[in-house]
Amino acid sequence: MSTDTDVSLSSYDEDQGSKFIRKAKETPFVPIGMAGFAAIVAYGLYKLKKRGDTKMSIHLIHMRVAAQGFVVGAMTVGMGYSMYREFWAKPKP
């Protein structure tokens, strides 16, 4: 049995910032989904003070649905983009 010691360790030498940038270039809608989720949560916390007579549970449910909807939408658009890039945008040999 031969052991393969010539395995490239470049992926192990990568720091977190460059790994995130590389992954963001491969799948650009994941960071967009993360940013949208964070924005909706921040907006929900801001509006928490000015919710009026709305119950806290209703406000939290609305914010959760909005955040999840944004993330699922970004994932769907990202999946469509990668399918387009893989199947239609590739030049035929």
Side-chain angles (χ1 to χ4, degrees):
M1 281 200 236
S2 66
T3 59
D4 188 20
T5 57
D6 296 332
V7 174
S8 173
L9 298 177
S10 65
S11 63
Y12 296 111
D13 296 338
E14 200 172 35
D15 64 342
Q16 293 295 326
S18 62
K19 183 176 181 180
F20 181 75
I21 291 171
R22 180 178 54 84
K23 289 287 188 177
K25 286 180 182 176
E26 291 173 4
T27 54
F29 288 95
V30 172
I32 292 171
M34 291 168 49
F37 176 80
I40 290 172
V41 168
Y43 177 73
L45 289 174
Y46 172 73
K47 294 298 272 183
L48 191 61
K49 285 185 172 182
K50 302 176 194 267
R51 72 179 189 271
D53 58 352
T54 306
K55 287 184 177 181
M56 170 76 95
S57 62
I58 300 298
H59 176 74
L60 292 176
I61 287 171
H62 287 163
M63 290 298 107
R64 180 184 63 92
V65 168
Q68 283 179 334
F70 189 88
V71 170
V72 168
M75 288 172 53
T76 304
V77 170
M79 193 58 118
Y81 174 70
S82 23
M83 285 176 61
Y84 169 77
R85 201 173 54 184
E86 185 174 335
F87 295 114
W88 289 292
K90 256 189 182 177
K92 305 273 183 194

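None of the values given here were measured: they were computed from a predicted structure. Nothing fancy with the numbering, it's 1 onward along the sequence.
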Subject >> Rounded distance [0.5 Å steps], OG1 in Thr54 versus CG in Leu60 >> reply: 11.0 Å
**OP:** Look up atom CG in Asp53 and atom NZ in Lys55, then write down how far apart they are to the nearest 0.5 Å.
**Re:** 11.0 Å
Subject >> Side-chain heavy-atom pair Lys25, Arg22 within 4.5 angstrom cut-off >> reply: no
Subject >> Leu45 and Met63, any side-chain heavy atoms less than 4.5 Å apart >> reply: no
Original post:
Can you list every ring-ring contact (aromatic ring centres under 6.0 Å, His included) pair that touches residues 45-75, not counting sequence neighbours?
Top reply: none
Original post:
Of all heavy-atom pairs between Gly33 and Ala74, which one has the smallest distance, and what is that distance?
Top reply: CA-CB, 3.7 Å
**OP:** For Met83 and Trp88, work out which heavy atoms get closest and say how close.
**Re:** O-CE3, 3.9 Å
**OP:** Show which residues join Val65 in its hydrophobic cluster (side-chain heavy-atom contacts under 4.5 Å, direct or indirect), or state none.
**Re:** Ile61
Original post:
Would one find more than 12 heavy atoms of other residues, nucleotides or ligands at under 6.0 Å from atom CE of Met75?
Top reply: no
Subject >> Pairs satisfying side-chain hydrogen bond (donor to acceptor under 3.5 Å, both in side chains), at least one member in residues 72-85, at least two apart >> reply: none
**OP:** Using the rule that two of Ile, Leu, Val, Met, Phe, Trp, Tyr join whenever any of their side-chain heavy atoms come within less than 4.5 Å, decide whether Val41 and Val71 are in one cluster.
**Re:** yes
